[in-house]
Amino acid sequence: GNNTTFKVWAPTASKVLLNLFEAGHDVEAYKTVEMVKGEKGVWSHTEECGHGTYYTYTVTTSVGTQEAVDPYAKATGLNGNRGMVVDLSRTNPEGWGEDNFVTGIKTYSDAVIWEVHVRDFSNKIASSNYKGKYLAFTERGLVNEFGQSIGVDYLVNLGITHVHLLPVYDYATVDEANPDSQFNWGYDPKNYNVPEGSYSSNPYDGEVRIKEYKQMVQALHAAGIGVVMDMVYNHTYDANSSFNKIVPYYYYRYTATGANSSASGCGNDTASERYMFGKFMVDSVSYWAEEYDLDGFRFDLMG
């Protein structure tokens, strides 16, 4: 209906506030309300608001008071700094319910997988209307100056079975308001369950990136190509991520001296052996597979 229930697991917090915003950036919160702690450290609050409402949590723990994005957020505003309440049915492109890709391969070893960075796939294609964006994968019939097929048609001609997308969850190091000013591979996770906004046509609206991501998957499936997503659960962009702001010292590994473990070489190894992070990874992969019709995953540095 017109209500949204917010829940966050913060068992060591002494206070959790829910902040509500009318936009995903700039504006101040129009309302802040105290959440109520319930069983197993889950704080909750039900508010009269819905699709398009942006939100954050302000969490008070032993390390102080910090504002955090919901780790389970499915949509965000600009640069992933605020979660967004989303009615996912509104993000489905026309015909999404009929998207039913079957690879046709009998064994994993029959897969022919083509790895690609979303921006690099199309940012040099002169005839593309969506250079560097998800929607470039929806364009057919493109040719170069020699009349050769490029873009998705080139992939079809290659005879590959799957596209392996380099990270397309929301990552931290490209300013979504000015995406052409920076470049990154995307191995710096910020919001695991949200598509990266710099590849969308409108990173300010949390709904747009979801719909355009689905249009990309739908178009590749229609071309007979499966989609594999690169997932980086072994570390985050920095050690004081939203996970750590909400439950300090739980989601990460530390050395005997108290420093962050760095087996990944990134300085902030996550602790997949901890029950709630293990649960998060399973929940996250299941969500991407089910909501976005993905066909496979590549896991970064997972032991």
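The closest side-chain heavy-atom distance from H45 to V33 is below 4.5 Å. Between R119 and D180, some side-chain heavy-atom pair lies under the 4.5 Å cut-off. Between L165 and M216 there is a side-chain heavy-atom pair separated by less than 4.5 Å. Taking the side chain as every heavy atom from C-beta outward, I246 and V8 approach each other to under 4.5 Å. For the pair Y252/D269, no side-chain contact is recorded, criterion being any heavy-atom separation below 4.5 Å from C-beta on.
The hydrophobic cluster containing W9 does not contain V282, counting ILVMFWY residues as joined when their side-chain heavy atoms lie under 4.5 angstrom apart, directly or transitively. Note on Y169 and L166: same hydrophobic cluster, where clusters join Ile, Leu, Val, Met, Phe, Trp and Tyr whose side-chain heavy atoms are under 4.5 Å apart, directly or indirectly. Under the 4.5 Å side-chain contact rule for hydrophobic residues, Y57 and V85 share a cluster. A single hydrophobic cluster is seen to contain both Y192 and V217, as judged by linkage of ILVMFWY side chains at heavy-atom distances under 4.5 Å, directly or through other members. Clustering ILVMFWY residues whenever any of their side-chain heavy atoms sit less than 4.5 angstrom apart, transitively, puts Y213 in a cluster other than the one holding Y204.
Heavy atoms only, all atoms of each residue included: V112 and I160 are closest at O-CB, 3.5 Å. The two residues I225 and V163 make their nearest non-hydrogen contact at CG2-N, 3.6 Å. A pairwise comparison of heavy atoms in V59 and A13 identifies CG1-CB, 3.7 Å as the closest pair.
In summary, R209 and E176 engage in a salt bridge, as defined by a charged side-chain N under 4.0 Å from a carboxylate O. Between K74 and E291, none of the side-chain N atoms (NZ, or NE/NH1/NH2) sits under 4.0 Å from a carboxylate O, so this pair counts as no salt bridge. For the pair D110 and K106, the salt-bridge criterion is not met [side-chain N within less than 4.0 Å of a carboxylate O]. Salt bridge status for D300 with R298: present, with a side-chain N to carboxylate O gap under 4.0 Å.
Atom CD of Q182 has more than 12 neighbouring heavy atoms from other residues, nucleotides or ligands inside a 6.0 Å radius. A 6.0 Å sphere centred on CD of E28 holds no more than 12 heavy atoms belonging to other residues, nucleotides or ligands. Shown here is N2, whose CG atom has no more than 12 heavy atoms of other residues, nucleotides or ligands within 6.0 Å. Crowding of E145 atom CD: a count of heavy atoms from other residues, nucleotides or ligands under 6.0 Å exceeding 12.
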(request) For ring pair (Phe, Tyr, Trp, His ring centres under 6.0 Å), just list the numbers for Y287 and Y72, CA-CA rounded to whole Å, side-chain angles, deciding distance to a tenth of an Å, and then say yes or no. (result) CA-CA 10 Å; Y287 169 70; Y72 273 87; 9.4 Å; no

(request) Under the salt bridge (charged side-chain N to carboxylate O under 4.0 Å, His left out) rule, what do D170 and K190 come out as? Steps first, then yes or no, please. (result) CA-CA 6 Å; D170 181 52; K190 186 168 182 176; 5.6 Å; no

(message) Please evaluate residues S14 and T60 with respect to the criterion side-chain hydrogen bond (donor to acceptor under 3.5 Å, both in side chains), reporting the C-alpha separation (whole Å), side-chain torsions for both, the decisive distance (0.1 Å), and the verdict.
(response) CA-CA 6 Å; S14 59; T60 300; 5.0 Å; no

(message) Is there a side chain to side chain contact (heavy atoms under 4.5 Å, CB included) between V285 and M281? Walk through the geometry before answering.
(response) CA-CA 6 Å; V285 169; M281 291 191 294; 5.6 Å; no

(message) Does Q66 form a side-chain hydrogen bond (donor to acceptor under 3.5 Å, both in side chains) with N240? I'd like the steps, not just the answer.
(response) CA-CA 10 Å; Q66 301 181 87; N240 198 32; 2.7 Å; yes

(request) Could you walk me through whether T46 and S44 pass side chain to side chain contact (heavy atoms under 4.5 Å, CB included), step by step? (result) CA-CA 7 Å; T46 299; S44 62; over 6 Å; no

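Checked by atom type, the side-chain pair S200/N202 shows no donor-acceptor distance below 3.5 Å.
The aromatic rings of F121 and F137 lie parallel to each other, with less than 30° between the two planes, well short of the 60° mark. The aromatic rings of F277 and Y251 sit perpendicular, their planes meeting at an angle over 60°, well past the 30° parallel limit.
Under the 6.0 Å cut-off for aromatic ring centres, Y55 and F6 qualify, their centroids lying closer than that. Aromatic ring centres of F243 and Y250 lie farther apart than the 6.0 Å criterion allows. Two rings, from W114 and H162, have their centers 6.0 Å or more apart. You'll find the ring centres of Y187 and H235 outside the 6.0 Å limit. Note: F21 and Y54 fail the aromatic proximity criterion, with ring centroids not under 6.0 Å apart.
From L20, atom CG reaches atom SG of C49 across 5.5 Å, with rounding to the nearest 0.5 Å. Atom CG of L142 sits about 9.0 Å away from atom OG of S149, to the nearest 0.5 Å. Annotation: the span from Q218 atom CD to H221 atom NE2 amounts to 9.5 Å, rounded to 0.5 Å.
A side chain to side chain donor-acceptor pair (under 3.5 Å) with R253 holds for exactly one of S262, S264, S272, S261; it is S272.
A donor-acceptor contact shorter than 3.5 Å is absent between the side chain of Y130 and the backbone of Y199.
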